[in-house]
**Q** 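Have a look at this one.
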Amino acid sequence: MQSTVLILGARGRFGLAVARAFAGAGWRVLAHMRPGATVPPEAAHGSGIEWVALDLFDTPSLTAAAHGATVVVHALNPAYTNPAWTAQALPMMDAAIAVTRALQATLMLPGNVYNFGTDMPPVLREDTAQQARTVKGQVRIALEAQLQRSGVRGVVIRAGDFFGSGRGTWFDATIVTKIAKGVFTYPGPRDVATAWAYLPDLARTFVAVAGQRAQLAPFEVLHFAGYSLTAQQWLDALDPLARQQGWVKPEAHVRLARLPWPLIRLGAWVMPTWAALMEMAYLWHTPHTLANDKLTRLIGPEPHTPLALAARTALADLGYLDAAAAGHRQRGPHARA
């Protein structure tokens, strides 16, 4: 019998990636979007995704539309500003919990490293103390606690910074905006390793965990390792592609540029988004990686695309490569040996 998943906030970057992954794995996918929203062109006809345009807070209607769903994925996000997160994140979680409870399903939440704060150790495990003092970090802690207290079955899969499958994160908004000129604009030092998640790999991990959910406790937290990368490792991965594309001369290298944090600090006084960015700047100066032992014991090897291919595909998705130069797109999972 075909399993059914409800994706809340499926028009977003993560929501659409995970909807595609579940559809590709043979699930029936119900993709929620707000009333009046339009279906993304790439996920319309022939995608295997059924779109449901309903008010998130209309639990009876949403439950009826998603009848039979055994998994709900929380892919909802407020705007990046601190006021938006403070006002909207917890009510969104309440709505997700309500529909999950009505469906008697399992609620899956993508987590991040905001929870750990400036004192986080280099290796982050599921039981690492969460001592965030930032607004977003405290909201993230509250979201996970809210899910744990709710009584619905829940699982948090924590991952690093997203790249791939579209726009909406540091990678596409800042880091590679000048890559076609041979410039890589990085927010942190050259030698500090931080956690990264290639979104198609993370989406396939959600599918794998959903398939093993019967083995989980009523509330679980799992860590997705993805990549632990310094700016230099990014540059090393991008250099061959940049030469191939003619963005740099043969034997030359992509140039590392620094993000103008002093300018952002000044702008933060009047721009809420920049203020939110400043608050999280410590992440780029604090080495961290996510230990995935618990995840791999559950699902086996973590889905893992080689960095060179992931970077190439991510840049192709952003329009930096033409179809011929992009090479063959991924068509299935790449497992870490």
Side-chain angles (χ1 to χ4, degrees), residues 1-8 10 13-30 48-49 69-75 96 100 103-113 115 123-128 144 147-148 152-165 195-229 288-307 309-310 313-314 330-337:
M1 181 177 178
Q2 187 181 37
S3 298
T4 301
V5 60
L6 170 65
I7 315 291
L8 299 176
R13 182 185 196 171
F14 171 75
L16 188 54
V18 81
R20 288 168 166 168
F22 272 99
W27 286 61
R28 181 187 179 210
V29 177
L30 302 175
I49 300 172
T70 55
V71 172
V72 177
V73 177
H74 182 305
T100 303
L103 291 167
Q104 298 183 326
T106 297
L107 181 56
M108 304 184 73
L109 173 71
N112 61 32
V113 301
N115 306 50
V123 179
L124 302 173
R125 301 186 182 280
E126 288 83 358
D127 59 356
T128 298
E144 294 180 22
L147 176 55
Q148 185 173 17
V152 305
R153 294 187 63 86
V155 56
V156 177
I157 303 180
R158 197 180 317 286
D161 275 298
F162 292 171
F163 73 103
S165 297
W196 288 88
Y198 180 53
L199 207 45
D201 288 343
L202 179 60
R204 288 194 292 271
T205 299
F206 267 71
V207 177
V209 171
Q212 298 297 323
R213 65 190 183 280
Q215 300 183 36
L216 298 174
F219 177 78
E220 291 273 15
V221 178
L222 303 169
H223 282 186
F224 173 87
Y227 311 85
S228 180
L229 298 172
H288 60 275
T289 187
L290 290 155
N292 69 350
D293 312 64
K294 188 175 175 182
L295 173 67
T296 57
R297 285 196 299 270
L298 178 70
I299 67 169
E302 182 182 286
H304 184 80
T305 301
L307 179 60
L309 176 58
T313 308
Q330 302 172 240
R331 299 188 183 275
H334 296 257
R336 174 181 286 148

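FYI, side chains are in, hydrogens and waters are out, and symmetry mates aren't considered; it's all heavy atoms of this structure.
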**Q** For His304 together with Tyr198, are the ring centres under 6.0 Å from each other?
**A** no

**Q** Rounded to the nearest 0.5 Å, what's the gap from CG on Leu222 to OG1 on Thr205? Could you check?
**A** 10.0 Å

**Q** Give me the atom names and distance for the closest heavy-atom approach of Val29 to Ala23.
**A** CG2-N, 3.4 Å

**Q** Under a 4.5 Å cut-off applied to non-hydrogen side-chain atoms, are Leu107 and Leu147 in contact?
**A** yes

**Q** Specify the closest pair of heavy atoms between Leu290 and Gly160, including all atoms of both residues, with the distance to one decimal.
**A** CD1-N, 3.7 Å

**Q** Using the ring of each side chain (for Trp, its six-membered ring), is Trp196 parallel, tilted or perpendicular to Phe163, with breaks at 30° and 60°?
**A** perpendicular

**Q** Does some side-chain heavy atom of Leu307 sit less than 4.5 Å from a side-chain heavy atom of Tyr227?
**A** yes

**Q** Using a 4.5 Å cut-off on heavy atoms from C-beta on, say whether the side chain of Gln215 contacts that of Leu298.
**A** yes

**Q** With sequence neighbours excluded, tell me which residues meet side chain to side chain donor-acceptor pair (under 3.5 Å) with Arg158.
**A** Asn115, Glu144, His223

**Q** Which residues pass the ring pair (Phe, Tyr, Trp, His ring centres under 6.0 Å) test with Phe224, not counting sequence neighbours?
**A** none

**Q** So how far is it from Glu302 CD to Thr296 OG1, rounded to the nearest 0.5 Å?
**A** 8.0 Å

**Q** Would one find more than 12 heavy atoms of other residues, nucleotides or ligands at under 6.0 Å from atom CD of Gln2?
**A** yes

**Q** Roughly how far apart are Leu16 CG and Ile49 CD1, rounded to 0.5 Å?
**A** 6.0 Å

**Q** Do Arg20 and Ser165 pair up side chain to side chain, a donor and an acceptor below 3.5 Å, judged on atom types alone?
**A** no

**Q** Val72 pairs by side chain to side chain contact (heavy atoms under 4.5 Å, CB included) with which of Leu103, Thr106, Val152, Leu109?
**A** Leu103

**Q** Between His288 and Val113, is the side chain to side chain contact (heavy atoms under 4.5 Å, CB included) condition met? List the steps.
**A** CA-CA 9 Å; His288 60 275; Val113 301; 4.0 Å; yes

**Q** Taking all non-hydrogen atoms of both residues into account, name the closest pair between Ala197 and Ala159 and its distance.
**A** CB-CB, 3.9 Å

**Q** What closest approach, in Å, do Gly164 and Ala314 show between heavy atoms, and which atom pair accounts for it?
**A** CA-CB, 3.8 Å

**Q** Looking at every heavy atom in both Val207 and Ala25, which two are closest together, and how far apart are they?
**A** CG1-CB, 3.6 Å

**Q** Evaluate the side chain to side chain contact (heavy atoms under 4.5 Å, CB included) criterion for residues Leu216 and Val209: first the C-alpha distance (whole Å), next the side-chain angles of each, then the deciding distance (0.1 Å), finally the verdict.
**A** CA-CA 9 Å; Leu216 298 174; Val209 171; 4.1 Å; yes

**Q** Enter the distance from Arg204:CZ to Leu199:CG here, rounded to the nearest 0.5 Å.
**A** 10.0 Å

**Q** Picking from Arg153, Lys294, Arg213, what satisfies salt bridge (Lys or Arg N to Asp or Glu O under 4.0 Å) with Glu220?
**A** Lys294

**Q** Considering non-hydrogen atoms only, spot the tightest contact between Ala69 and Ala105 and give its length.
**A** O-CB, 3.7 Å

**Q** Restricting to side-chain contact (heavy atoms from CB on, under 4.5 Å), what partner residues turn up for Thr128, sequence neighbours left out?
**A** Phe116, Pro121, Leu124, Arg125

**Q** Only one of Val155, Val71, Ile157, Ile7 passes side chain to side chain contact (heavy atoms under 4.5 Å, CB included) with Phe206; say which it is.
**A** Ile157

**Q** Any chance you could measure Glu126, atom CD, to Asp293, atom CG, to the nearest 0.5 Å?
**A** 7.5 Å

**Q** Considering only heavy atoms from C-beta outward, does the side chain of Leu8 approach that of Val73 to under 4.5 Å?
**A** no

